[in-house]
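Naming convention: chains lettered A, B, ... in sequence-line order (proteins, then strands); numbering from 1 in each chain.
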Amino acid sequence: MAEPIISFNDVSKAFTTRKGRLVAVDGVSLDIRDGEIFGVIGYSGAGKSTLVRLINALETADSGSIRVLGQEVTALPERELNKLRSKIGMIFQQFNLFASKTVLANVAYPLKLAKTPKAERLAKARELLDFVGIADKADAYPAQLSGGQKQRVGIARALAADPRILLADEATSALDPETTRDVLDLLRRVNKDLGVTLVLITHAMEVVQYICDRVAVMEDGKVVEAGQTYDVFAAPTAATTRRFINTALHDRPSPDTVARLRESYPGRLVHVRMKDSGAGFALSKATSGLNVAATIVYGAITEVEERPFGAVTLELVGEDGAVGQVLERLAAGGSHVTDLGTAAAPLEDPTWRELVTAS
Amino acid sequence: MIPLDNKWADGYTQELLDSLGATFQMVLVTLVVGGLIGLAVGTALYATRRQGLFANRPVFLVLNALVNFIRPIPFIIFITAISPLTILVTGHRIGIEGAIFPMVIMCSMATSRLVEQALIGTDPGIVEAGRAMGASRLHVLVRILIPEALAPLILAYAFLFISVLDLSAVAGTVGAGGLGSFAIQYGYNKYNDYVTWVALAVIIVIVQVVQSLGNWLARKVMHR
């Protein structure tokens, strides 16, 4: 297999603050592959912003090794670092555009740094503005643009020097949901059409769900879980990951919701999480030949990594034996089944308890 | 009882014009030289502070102490206290040359604070964006940050013009002439309030024009 485009090996970074030493990145090992969209998700303070800044050496690691584009970043002198940084684009939550320069001048700036002739860099900047869809704003100043437009300028500027890697630090966190989707679609085009590897920092699982091939979940400076996005969604192991998934999908009813559901649906409630495409939701197959009425009472089916994914809560009404058989069939079909019991004999959702106590 | 002689005597107009010329000479030389020194010192203050692009505690502390030490000294005391140095540097103890040297020093101290503040007011994200593009730290400081801080810098220099005008009035005490000296000599000393008011009116007009010009320029470069 080819060398990863970015590779962390036991990397740590601490800051000295007024409150004492803060370990922002704690023994992280991680490989990011050429051409993928890699997400890093975590709550604020989890260390993800520091992690991404270690890639272009805006922060320097205390220990460990970081290889980017075949170079050991931690050993590079400043001059070489500046050269490496020019091959890594970066976009920011607050856009960080140069307010005193026009949109066109902003986009052309990295090329000005590279001493590209003026005519050439302006032509390239116009081309990029066209690519991001705001060619008409070339002569405007950043203050005259909306948030989404500013981020498009940010993306165009980050792409000006033909980078191999684009770092996105909470790039959509300041945008409304619709604009977020537009910007994520644009980032996907950057990845697919231009072959740029994307490293995307976010605290929104929807963003990971929508765009990331793989994801790492960070908590207290550590990567607590990492893998294919679909696998992480389908079988999360860390409590933090489950909480994030729940915020994105709203697939699992909270204890309060379960209590309300029991009032209308006194039968056996089971939570069924699809583990792989297909099998889990063949409800009629699970109940065929058995005298069990299955009703979907809660849940969501959506897409992760462009594959169907979801979880539903069912009310199953029938003989205990028959209901038990349905549960067995569902589990055999690859679904993860949690029994919530009936209104008369309720069972607590153990994963939910984990979600709550973990925070 | 000395009678008031509120008259505009022959020759006053010429005196006023000469004074105006002396004032402009002092103010402009001071602003250009002191302004440039202050720009350098202020940028250094910003760059060497904690978390700065060239964070350097000893350099910051020395510059900071220097500015803090000189700036609060009343100019009329400073101008006399520094006179041995003035002679050493300019060869003149009095006159315009003798006045400009202490003015330049005082002006550069004030400028450095204003420049530092203007730079602190810029968005730290700009530094990060510049660094992420591969710009050197010096490039970020000089070529990216200063243009970003241009509007507050212009306003700072308009403010400084007025402060330096104030300094130039004191310079009259070492025989440098200027509007301040004109007002004292022909107005206050001769009990001629009329002359004082004329001098004052001229100063007010200059200040208004410069401040308006500064506001207009700052607005023009602000783009928002």
What part of [X] gets within 4.5 angstrom of chain B, counting heavy atoms only: side chain, backbone, both, or neither?
X	result
A:I88	backbone
A:L81	neither
A:Q93	neither
A:F92	side chain
A:R53	side chain

Does any non-hydrogen side-chain atom of B:R143 lie less than 4.5 Å from one of A:K112? yes
Do B:R131 and A:N82 make a side-chain contact, defined as non-hydrogen atoms from C-beta onward lying under 4.5 Å apart?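 They are in side-chain contact.
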State whether the number of non-hydrogen atoms from other residues, nucleotides or ligands found under 6.0 Å of [X] atom [atom1] is greater than 12.
X	atom1	value
B:Q51	CD	no
A:R164	CZ	no
B:F75	CZ	yes
A:R126	CZ	no
B:I162	CD1	yes

Go through the atoms of B:I126 and report whether side chain, backbone, both or neither lie under 4.5 Å from a heavy atom of chain A.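 Both parts, backbone and side chain.
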How long is the straight-line distance from CG of A:N96 back to CD of B:E128, given to the nearest 0.5 Å?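 Rounded to the nearest 0.5 Å, the CD-CG separation comes out at 6.5 Å.
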Rounded to the nearest 0.5 Å, what separation is found between the CG atom of A:L111 and the CE atom of B:M133? 10.0 Å
Can you tell which of A:R157, A:K101, A:M90, A:R79 has the highest number of heavy-atom pairs within less than 4.5 Å of chain B? A:R157
Quick one: which of A:L97, A:I91, A:L113, A:L167 has the most heavy-atom pairs under 4.5 Å with chain B, could you say? A:L113
Which heavy atom in B:E148 sits nearest to a heavy atom in A:S100, and how many Å separate them? OE2-OG, 2.7 Å
Top contributor to chain A contacts, counting heavy-atom pairs under 4.5 Å, from B:A135, B:P124, B:P147: B:A135
